[in-house]
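Order of the sequence lines fixes the chain letters, A, B, ..., with proteins taken first and strands second; residue numbering starts at 1 for each chain.
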Amino acid sequence: MFDWVHNVPILSILCYLPLVGALIIMFGMKNGQEAAIRKFATGVVFVDFLLSIPLWFAFDRGGELFQFRESAPWIESIGVRYEFGLDGIALLLVLLTTLLGVLAFLSSWSAIHTREKEYYVFLLLLQTGMLGVFMAMDFFLFYVFWEVMLVPMYFLIGIWGGPRKLYASIKFFLYTLVGSVLILLGILALYFYNAGGLLGWRGLGNAPTFSIPQFHAIGASIPPDLQIWIFLAFFVGFAIKVPMFPFHTWLPDAHVEAPTAGSVILAGVLLKMGTYGFVRFSLPILPEATLRLLPWMAALSLIGIIYGALVAMAQKDMKKLVAYSSVSHLGFVMLGLFALNGPGLNGSILQMINHGLSTGALFLLVGVIYERRHTRMIAEYGGLSAVMPLYATIFLIITMSSIGLPTLNGFVGEFTILVGAFHRVWWWGLLAALGIVLGAAYMLWMYQRVFFGPITNVENKGLRDLTSREVLYLAPLVLLCFWIGLYPRPFFRVLEKPVNYLVAKVDPTYATAVAATAPSANSANPRVQAAAAGE
Amino acid sequence: MLPNPQEYLLLAPEILLASAGLLLLLAGAIGRGMGNRESALVSVVSLALTAGVLLRVHSVVPGRLLILNGSFVLDGFSFFWKLLVLTATALTILISIRFLDEGNYRASEYYSLLLLATSGMLFMASGYTLLTIWIGLETMALSSYILAGYFKRERRSNEAALKYFILGALSSGILLYGISLLYGATGTVQLAELSEGLRAAQDNPLVPLGWLLLAAGLFFKIAAVPFHIWTPDVYVGAPTPVTAYLAVASKAASFAILLRIFYEGLGSLKVEWQMIVALVSAATMIWGNIAALTQENVKRMLAYSSIAHAGYVLIGVLAVSQIGLWSVIYYLLAYTFITLGAFGTVILLERREYAGETAADYAGLARRSPFLAAMMLLFMIALTGIPPTGGFVGKFYLFAAAVQAGWSWVAVIGVVTSAISLYYYFRIVLNMYLRDSGQTTPVPLRAPALVGAIAFCALATLILGVVPEPFIEFAKSSLLPLP
Amino acid sequence: MLYVTTTHYLALSFLLFTIGIFGIVARKNMITVLMSIELVLNSVNLNLIAFSYQLSDLTGQIFSIFTITVAAGEAAVGLGILIALFRLRETTTLDNASELRG
Amino acid sequence: MEFLTAHGADLLFYLFAALAVAGALGVVTLRNPMYGAVSLLLTFLSVAALFLLRHAEFLGIVQIFVYGGGIMVLFLFVIMLVNLHRLPAVNLFSGSTPFAALFAVALLAFFGYFIVHLSFDPALTRPEVFTMVRGENLGNSQAVAWSLYTTHLLPFEIASVFLLIAMIGAVVLGRRQ
Amino acid sequence: MRNLLWVIPVLPFLGALLNGFLLRGRIGKKAVAAIACGSVALAAILGLLIIFDYLGSPEHAAHKGFEQDVYVWVPSGPLATAVDGIKNFSVSMGFLIDPLSAVMLFVVTFVGFWIHLYSVGYMAHEDGFQRYFTYLNLFMGAMLLLVLGNNYLVMFVGWEGVGLCSYLLIGYYYKEDFPPYAGRKAFITNRVGDFGFVLGLFALVAQFGTLKYSELFPRIAAQPSLLTGPGHFGLTLAGFIALCLFIGAMGKSAQIPLYVWLPDAMAGPTPVSALIHAATMVTAGVYMVTRSNVIYQLAPNVSTFVAVIGATTAIFAATIGLVQTDIKKVLAYSTVSQLGYMFLAAGLGAYTAAIFHLMTHAFFKALLFLGSGSVIHAMGGEQDMRKMGGLKKYLPATYKTFVIGSLAIAGVPGFAGFFSKDEILHAAASGGHWVLYAVGLVTAVLTAFYMFRAVHMTFHGEFRGTHEQEHHLHESPPVMTIPLWVLAVGAVVSGFVGLPVERLNVFHHFLQPVVYSVAGAVTEEHTASWIFNAILIAVAVLLAFAGIGLAFRLYGGKRGLATEEAWARRLPFPHRVLSNKYYVDELYDRTVIGGTWGLARTLFRFDAGFIDGLLVNGTRNATVAVSMVSGFFDKYVVDGLVNLTATVLDGFSRLFRRLQTGYVGNYALVLAVGMFALVAIYMFLNRG
C-alpha cells in the first residue's frame with residue numbers, strides 16, 4: 001500500500017515542501033491576507049506530515065540500515081554528493097519533526113498577531129532545515145542544513161520573542177555557530193584523513209567523499225589521537241546544541257524568550273540535533289575516542305541531570321522551569337548514549353522522542369495559559385483545576401510523562417537508559433536515578449502551585465478551558481505518550497538494527513555475540529564473558 | 001629583441017579598455033560633455049566588449065603563453081582575474097549611477113578613471129615581470145587615489161584621498177625598494193628568471209629583506225594587518241561606489257599579483273613566506289573581526305570586514321595547494337558579489353531620507369522595504385559564511401585547504417573569528433528585522449540599474465552557494481603552477 | 001674601505017630611505033611629506049642604478065626610468081590632492097585632516 | 001694628487017653622498033617648505049651626479065630634467081600657490097615624531113647590521129654593457145633606448161596610460177568648479 | 001479461564017477511562033457509581049473464578065504459578081549480562097497467578113469492591129464525584145498490575161501507578177492548601193524509595209538480563225552462588241539488591257525513615273485512607289519483600305535489618321499513636337505500626353506470617369477506617385476525638401463494627417488479628433530473637449491500649465461536640481453500613497485460615513510454594529513444642545487484655561478528656577515529644593528538604609550570575625587598560641567565562657579603534673613599523 005514511496009524521491013519532497021510553501025507565501029501572498037497565510041502554511045506542514053506517515057509503514061525494519069536513499073552528484077570536485085537516507089533513528093526524528101511542526105503551526109494561530117507572513121515563512125524554512133539535518137547522508141549536506149536552520153530560528157526568537165529577545169536571539173545564534181564551525185573543522189579532518197593524508201597521520205587514500213556511511217566504515221582505522229581531536233571538535237558543536245552542562249546557558253534564555261511554537265520546536269527538535277549528532281557521528285566514527293572520553297562525557301551528563309533538576313526547582317517562571325528540566329532530561333539522553341550498550345542507546349534515542357513529545361507538549365500547555373493571562377510566573381496562578389479541568393488533566397498527564405511515570409513514554413526511555421547506565425558503571429545509574437527523584441519534586445511542585453489550592457488571583461476565575469483547536473493539537477501528543485508508554489515495541493523494532501549497529505561499532509565484542517544470539521533467545525546462550533561486563 | 005608585432009594583438013582587451021577610457025574622456029571634454037547615464041552605458045558596453053575580446057583571445061591561446069619577451073603571460077589564471085575585475089567594474093558602474101546623480105560631479109572623467117584603473121588591473125593580472133606588474137599596480141593605484149578624492153568638495157572624500165595617497169605612495173616605495181633588492185640579488189625582474197635566480201642566491205642577505213619589503217607592499221594593497229591601517233578611513237571617506245570598487249576589484253587584482261609573485265616568483269622561498277603569511281593571516285582575521293565588533297558606521301564595519309576577509313583569503317594562499325588556489329579564486333569570486341551587493345544596498349539607502357551609514361539607520365527596514373532588507377540579510381549571512389551562500393562554500397574551501405595543508409591552527413582562528421563576525425553582521429540584521437523605527441514610509445526603489453545590480457549580486461551569491469560545481473570547474477582551469 | 005663599491009651606494013640608499021620615511025611619518029606639512037616621498041623613490045633609484053652597475057645589466061636603468069615617471073605622476077596627483085585640501089581647509093597641515101578615525 | 005686621480009671617483013661619491021644626505025635632512029627638518037624644496041633640489045642633483053658615477057649617463061640627465069626641471073617646478077608652484085599666507089607657527093612635527101625618530105634609529109641600526117654582512121665584488125662589473133647596442137658601442141642613451149623599446153616596451157606603453165591618469169587626476173583635482 | 005488473567009487489571013482501567021475521559025461530565029452520579037463499582041465487582045468475580053481455576057490447574061499441582069505474557073513491552077536491546085553473556089534484555093507485559101498473587105488478588109478486589117461501594121455513600125455530596133471514582137478505579141487497576149505482574153517491571157508499573165493515584169486522591173480536596181501538599185509529599189517520599197527499588201532492578205538486570213520472576217527465583221534458589229558474589233557498598237550482590245528493594249518498600253510501606261508521608265496522607269477522603277493507606281497500597285512493600293524472598297534468604301544481614309526496622313517502626317509509631325487526638329491519625333499511626341509488624345515477620349523469614357497479617361490487617365484496618373469515616377461523615381467532617389464521645393447511641397452499627405475491628409487488631413482470641421499476630425510473635429520467639437519478641441509484645445499492648453482509647457473517646461461518655469453537630473448525628477446509609485458488616489465478618493473469620501497449629505495452618509501450606517528453599521541458606525526452623533506455643537499465646541492474650549483494661553481504666557466512661565489533659569500536665573515532655581511525632585517532620589524540613597532547596601537556589605544564582613550574567617552589566621565603556629587592571633578580579637572572576645570573553649573582545653575592539661587615530665603620520669608609522677616587524681619576525685623565526 002505504501003510501496004509507492006520507494007518510487008518517488010520521498011525524502012526530498014518532504015524536505016523541500018515547506019521551502020516551496022515558504023516561497024509561495026513570500027512571493028505570492030500579501031501582508032493583508034493573514035488568515036489565508038495561516039491556513040496555507042499549516043496546510044503545507046500538514047501535508048508534509050501526511051506524506052511522512054508512509055515512511056513509517058514502508059520502512060523495512062529488517063532491511064538496509066539506510067533506506068529511501070536518494071543520491072546525486074553535487075560538488076563532484078570534492079566528492080560532495082546530494083544524499084538523503086533514513087535509518088531507524090532518523091526515521092523517528094523525521095516523524096517527530098513533521099508532527100511537532102503541525103502542532104507548532106496550529107498553536108501559532110492565536111499566539112502570533114504581528115508580522116504573520118514573515119513568521120510563517122521563517123517557520124517553514126526552519127522545518128526544511130530540520131528535516132534536512134535528519135535526512136542528510138552526506139556530511140557536507142548535513143552541515144549545510146545544520147547551519148541554515150539557525151537563521152530562521154534566530155528570527156523566530158528575535159522578532160516574536162519576549163522582552164529580552166534581542167539578547168536571547170543573538171546568544172542562541174552565537175553559541176550554536178561557534179559550536180558548528182568547530183564541527184566543520186572536524187568534518188574536514190575526517191575528509192582528508194579518508195582521502196589522503198592529514199598532518200602527521202598517514203591517510204587512507206580512498207576516493208574523496210563526505211559520505212557518512214563511508215566515514216562509519218573507516219572510523220575504526222582512524223588513529224586514536226586524531227580521533228580524540230575530532231571528537232573534541234564535534235563535542236563542542238554538538239554539546240552546545242544538546243546542551244550539555246557547561247554549555248547550557250543559552251537554552252533558558254532562548255526558551256523563555258521564544259514564542260510558543262519556537263519553544264516547541266526548539267525543545268522538541270532542535271535539541272535532538274545535538275544528540276543526533278553524537279549518535280550519527282561521534283559514536284560510530286570515533287569509537288576509540290568515545291571509549292577514552294567516556295568518563296568525561298558521563299560526568300558532564302550526570303552533572304547536567306542533577307544540576308538541571310536542582311536549578312529547575314528554583315525557578316519562578318514556568319517556561320524557565322521547563323527549560324532547565326530539558327537540561328536535566330537531555331542529560332539522561334547523553335548518559336544513555338555513553339552507556340554504549342543496547343538499553344542505553346535504545347533508551348536514549350527513544351527518550352529523544354519522548355522529550356520532544358512531552359516537553360513540546362509542556363511548552364504548548366504553558367503557551368495556552370500564557371495566551372490567556374500573558375504571564376508565565378507560577379505565583380500568578382493557583383487553583384486552575386477548578387476553572388480549567390480538562391487543561392489540568394492534560395497537564396497532569398504530560399507532567400507524569402515528564403517525570404517518568406510507568407505506562408507513559410518517559411518511563412520507558414528513562415528506565416532503559418538507567419539500565420544501560422547502571423550496567424556500564426553502576427554508580428552512574430545511581431546518580432542518574434537521583435535525578436528522577438528531583439524531577440518529580442520540581443514538576444509536581446509546579447503543578448501543585450499552578451493547579452491546586454484556592455484561586456487567589458481573581459483574574460484566574462474566568463479563564464476559559466481548552467478550545468477545540470487546542471485540544472486538537474494536544475491530543476496527538478497525549479496519545480503518543482500513552483502509546484510509547486504502553487506499547488513501545490514498534491519503536492524499539494525500528495531502532496533495533498541501528499542500535500545493534502552502533503553497539504557493534506563501539507564495542508566489537510558485541511558484534512560477534514549479537515550475531516550469535518538470535519533476537520528472541522533468552523537463555524541457553526553461549527557464555528560470552530564480555531569485557532565490559534565487569535565495569 | 002623586437003617583439004613580434006602579432007603578439008600585440010593578444011593585448012587587444014587591454015588596449016580596447018584603455019582606448020575606451022580615453023574616448024570617454026574626450027567625449028566628456030567635447031561640448032557640454034556626455035551625461036551620466038550615457039557615460040555609464042558606454043563604459044558598461046566597453047567592458048562587455050573587452051570581456052568578449054578577452055574570451056576570444058583566450059580561446060585562441062593554448063594553455064599558457066608568454067609574450068613580449070616574457071613580460072606578459074596569458075593563462076587561465078590571468079583570464080579568471082580579468083573576467084572578475086571586468087565584472088566587478090561593470091557592477092561598480094551600475095551602482096555608481098545614482099550616486100553620481102546626487103553628487104553633482106562630472107561623470108565622464110569618473111567612468112574614464114574607472115576604466116583606466118581597470119586596464120591597469122588587467123595588466124597586473126597578466127604581468128610577468130615585476131616591472132610590468134608594478135606599473136600596472138601604479139596605474140590602478142593612481143586612479144584609485146583620484147577616485148577616492150573625486151568628490152573633492154566633501155571634506156571626507158578629500159581626506160580619504162589624501163590618506164590613501166600618502167600611505168599608498170609610502171607602501172609603493174617600500175614595495176619598490178624590495179623589488180630593487182631582489183633585482184640586486186638576482187639581476188632580473190622577470191618572474192621565471194627571478195625564481196631561478198633565487199634558487200641560486202639562497203644565502204644572499206638581500207633576498208629575505210627584498211621579498212619581505214615586497215610582501216609588505218603587497219599586504220598593503222590587500223589590506224592585511226598591520227598594513228590595513230589606511231582601509232577604514234579611506235573606505236568611509238571615499239564615495240561609496242569607489243569604496244566598493246576598492247574593496248572588491250582593487251583587492252582582487254592585488255590578490256592576483258600576490259599569488260603570481262609568491263607562487264611563480266618567490267616559489268623557492270615557499271617555506272619561508274608561508275610562515276609569514278600565516279602570521280599575517282591570523283593577525284588580520286583577529287584584528288579585522290574584533291575591530292569590527294564595536295563599529296557603528298556600516299561602511300566602517302564593512303571596511304573592517306573586508307580586512308578580515310583578506311585574512312581568510314590568505315589562508316588559501318598559504319596552503320600552497322590545488323584546493324588552496326581554487327579556494328582563493330572561489331572565495332574572491334563570492335566575496336566580489338557579496339561585497340558589491342552590500343555596498344549597493346548601502347548606496348540605495350544613502351542620502352535623502354536615509355543616511356544609511358550608521359547601524360541605527362537600518363532600524364525597521366524590513367517593514368519599510370522587505371526587498372532591501374532581504375537582500376541585505378542575504379549578504380550578511382553570506383559574509384558570516386552561513387549556507388546556502390557562496391560565502392559558506394568559499395570559507396569551506398579555505399578551511400579545507402588549511403586543514404589539508406596542516407595549517408589547522410590558522411583554520412581554527414579562522415572558524416572562531418568567523419563565528420565572532422556573526423555578532424557585528426547580525427547587528428544590522430537585528431536592526432532591520434528586530435527593531436522598529438518610528439517611520440513606516442516605504443523606501444522607494446528608484447534606481448533600476450542599482451536595484452538590478454543588487455539583485456544580480458544576490459542571485460550570484462545564492463547560485464555560488466547552491467551549485468558551486470561549474471564555478472569550481474572554472475576555478476580549476478584557472479590555477480597557477482604550484483611552486 | 002675608501003674604495004667605493006655597491007655597498008656604499010646601498011648604505012646611502014638606506015640612509016635616504018630612512019630619512020624619507022622619517023619625513024613622511026614625522027612632518028605635518030603635506031608639501032614636506034610629498035617631498036619625503038620623492039626621497040624614498042630616489043633611494044630606490046640609487047639602488048637600481050648601483051645594482052645595474054654591479055650586475056652589468058641595463059634593466060636597473062630602465063626600471064629607474066619608470067620610477068622617475070611614476071614619481072612625476074604621483075607628484076602631480078599628490079599636489080592636486082593638496083590643492084583640493086587647501087581649498088577646503090585653508091591649510092596644508094595634515095593633522096587637520098583627521099575627521100575619519102576609529 | 002696621485003690619490004685624487006686614483007680615487008677621484010670615490011671622493012666624488014663621498015662628496016655627493018654627503019650633499020644628498022644633507023639635502024635630505026634639510027627636507028625633513030626645515031620649517032619653510034621653500035627652503036625644503038631647495039634642499040630637495042640639492043639631493044636630486046647629487047643623486048644625478050651619483051648616477052653618472054655609475055655609468056648611467058642617460059639616467060643622470062633624466063634625473064636632472066625630470067626632477068630638477070619638472071617635479072621641482074611643480075612643487076615650487078604649489079608652494080607659492082598655497083603659501084600666500086604665512087604658515088601658522090605651529091609645531092613642525094606631528095605627535096608621532098619621537099616614535100618616528102626612535103624607529104628611524106632602529107631602522108638605521110638594522111641596516112647597518114645588514115650592510116656589514118654584504119659584499120660585492122667590483123671586479124665583476126663590465127661597464128661596456130651600458131653603451132653597447134648589438135655589438136656596437138653607440139653610447140648609453142642608445143643602449144637604454146634600445147632596451148626600452150624592445151624588451152621593456154610593454155611597461156612603457158602602460159606608463160603612457162599611467163601618465164594620462166596623472167594628467168586627468170591633476171586636472172580633476174586641481175580644477176575649480 | 002486462567003487465560004483471562006490479563007483482563008482483571010484492564011477492567012478497572014476501563015472504568016477509569018469511561019469515567020475519566022469518554023463519559024466525562026456526561027452521566028449522572030448513579031451511572032458513575034455503577035461503572036466504577038461494576039468494573040471492580042467484575043474484576044473481583046473474575047479474580048475468584050481464575051483463582052479457583054488455578055487451584056485446579058496442573059500448574060498449581062506442580063507448585064508453580066500460571067504465567068501469561070501478553071506482549072513484549074520494553075525490548076531494550078542487547079546487554080552483556082554477568083552470567084549469560086550478551087542477551088537481549090526485554091520485558092514483557094506479563095501476568096502471573098500463584099498462591100501469593102491469589103491472596104493479594106482476593107484481598108485487593110474484595111476489600112476494594114466494598115470500599116468502592118462505601119464510597120458511593122460517603123462521597124455522595126462531594127464535588128468531583130466522577131473524578132473520585134476515576135482515580136479510585138485507576139488505583140485498582142494499578143494495584144492489580146502490581147500484584148499480578150509476572151516481572152518486577154510490571155510490578156513497578158503498578159507500584160508507581162498506585163503512587164500516582166495516592167497522590168491524586170490525597171490531593172482530592174485540591175482547593176484547600178494542605179491536601180495537595182500532602183499528596184506531593186507522599187509522591188516525592190515514595191520516589192525516594194523508588195530510587196532504591198529501581199537500583200535493585202538495575203542490579204538484577206546487569207546480573208541476569210531479565211526481570212521475570214520465573215527466570216530469576218528458581219535459578220537463584222538452585223544456584224545461590226550467582227548472587228553471593230560481591231556487590232556494592234561492601235554487601236554481597238544479594239545483599240545489595242535486597243537492600244535496594246527494601247528501600248523501595250520503606251517508601252511505599254511507610255517504614256522508618258520514610259513513613260512521614262502516611263499520617264499526612266489522611267488529608268484524603270476516608271475511604272481512600274481505608275483502601276490505599278491501610279488495606280492495599282501500603283502493603284505492597286510487604287508483598288514485594290515476600291515475592292523476593294529468595295534474595296532475602298541469601299542476604300541474612302539485610303533480612304535482620306528489615307526485621308529491626310520493622311520492629312522499630314512498629315513500636316515507634318505505636319507510641320505516637322498513644323497521644324493522637326485525630327481519629328484518622330490514630331489509625332494512620334496504627335497502620336504504620338502494623339506494617340512494621342509485617343516487616344518484622346518478613347525480616348525474620350516468616351514470609352507466610354507476614355502475608356497472613358497483611359491479609360487480616362487489610363480486613364480489620366479497612367473496617368476501622370471505614371468506621372471512622374462513618375463517624376466523620378456523621379460529625380460533618382469533624383475528626384478530633386476530643387469533640388466526640390457518646391456516639392454509641394447515634395451510630396450503633398458503626399460502633400459495633402468498630403469494636404470488632406478494635407478487638408481484632410488488639411489480638412483478642414477468636415478475632416483475625418490474634419492469629420496473625422501470634423504467628424509473628426511465635427516466629428520471633430522460636431528464632432530466639434527475644435529483643436524483637438519483646439518489642440512485638442510491647443507494641444501489642446500499646447496497640448490494644450490506643451485502639452480502645454479511641455473507642456472510648458469516640459463512642460463512650462457523653463457527646464462533646466456542638467449542638468448543631470448533635471442535631472445532625474445519624475447512622476450512615478446502608479450503602480455504607482453493609483460494607484462495614486461485611487468487613488467485620490472478614491475481620492473475624494479471616495484468621496481461621498491460619499490456626500496456630502501446624503497441620504491446620506491452611507494458609508501457611510497454601511503459600512509455602514512461593515517461599516523457596518534455597519540451597520545452602522539457613523532457614524529458621526519452627527520446631528517448637530506445643531507447650532512453648534501455648535505459653536506464647538497466653539502471654540500475648542494476657543497482654544492484649546491488659547492493654548484493653550488499661551484503656552478502660554483511664555478513658556472509660558466520662559473520663560476520656562480529663563485523662564487526656566492530665567497526660568499533658570503530668571508528663572509534659574514525653575507528651576510534647578509524642579504529640580509532635582518525635583519532631584521528625586521538622587528534622588526532615590531542616591535537613592534534607594531545606595538542604596536541597598538551598599542547593600537549588602544557590603545553583604541557580606550561580607547559573608544566572610556566574611556562567612551567564614554579563615553582556616548587559618559588563619563594563620561596556622571601560623577601556624581595556626582599566627578593566628584589565630582594576631576590574632579583573634572582582635569583575636571577571638565573578639562574572640564568568642562567556643562574558644569575560646565578550647568583554648575582552650569588546651575591550652580589544654575599542655583598543656583597536658583607538659589605535660585608528662585618524663592622523664596620517666601615525667598610520668605611516670604603523671606601516672613602517674609593520675614592515676620592520678615583518679623583517680624582525682622573519683629573523684626571529686630563522687635565527688641560528
Would you mind reporting whether [Y] and [X] have side-chain heavy atoms less than 4.5 Å apart?
| X | Y | value |
| --- | --- | --- |
| Phe21(E) | Thr393(A) | yes |
| Val72(E) | Phe492(A) | no |
| Gln448(A) | Phe187(E) | no |
| Thr407(A) | Phe13(E) | no |
| Phe422(A) | Leu199(E) | yes |
| Val74(E) | Phe411(A) | no |

Chain E contacts, top residue of [options] (heavy-atom pairs, under 4.5 Å):
| options | answer |
| --- | --- |
| Thr416(A), Leu434(A), Asn346(A), Leu444(A) | Leu444(A) |
| Leu418(A), Val412(A), Val499(A) | Leu418(A) |
| Gly429(A), Gly439(A), Ser385(A) | Ser385(A) |

So for [X], is it side chain, backbone, both, or neither that comes closer than 4.5 Å to the heavy atoms of chain A?
| X | answer |
| --- | --- |
| Leu211(E) | side chain |
| Ala203(E) | both |
| Tyr173(E) | neither |

| field | Any donor-acceptor N/O pair, Asn341(A) side chain to Leu79(E) backbone, under 3.5 Å | value | no

| Can you check whether Arg489(A)'s main-chain N or O pairs, donor with acceptor, with Trp73(E)'s side chain at less than 3.5 Å? | no

Checking [X] against chain E: side chain, backbone, both or neither under 4.5 Å from a heavy atom?
| X | value |
| --- | --- |
| Leu174(A) | neither |
| Tyr447(A) | side chain |
| Val419(A) | both |
| Ile403(A) | both |
| Leu495(A) | neither |

| query | Val437(A) and side chain to side chain contact (heavy atoms under 4.5 Å, CB included): which partner among Val192(E), Asn190(E), Asp194(E)? | reply | Val192(E)

| said: Under the criterion ring-ring contact (aromatic ring centres under 6.0 Å, His included), I'd like the reasoning laid out for Phe415(A) against Phe156(E): C-alpha separation, chi angles, the key distance, then a yes or no. | reply: CA-CA 11 Å; Phe415(A) 177 76; Phe156(E) 189 67; 7.2 Å; no

| task | Between chain A and each of Met93(E), Glu176(E), His232(E), count heavy-atom pairs under 4.5 Å; write down the option with the most. | result | His232(E)

| request: Considering only heavy atoms and a distance below 4.5 Å, find which of Lys212(E), Arg184(E), Gln207(E), Glu160(E) pairs most often with chain A. | output: Arg184(E)

| request: Could you go through the ring-ring contact (aromatic ring centres under 6.0 Å, His included) check for Trp426(A) and Phe233(E) one step at a time? | output: CA-CA 11 Å; Trp426(A) 71 275; Phe233(E) 298 126; 5.2 Å; yes

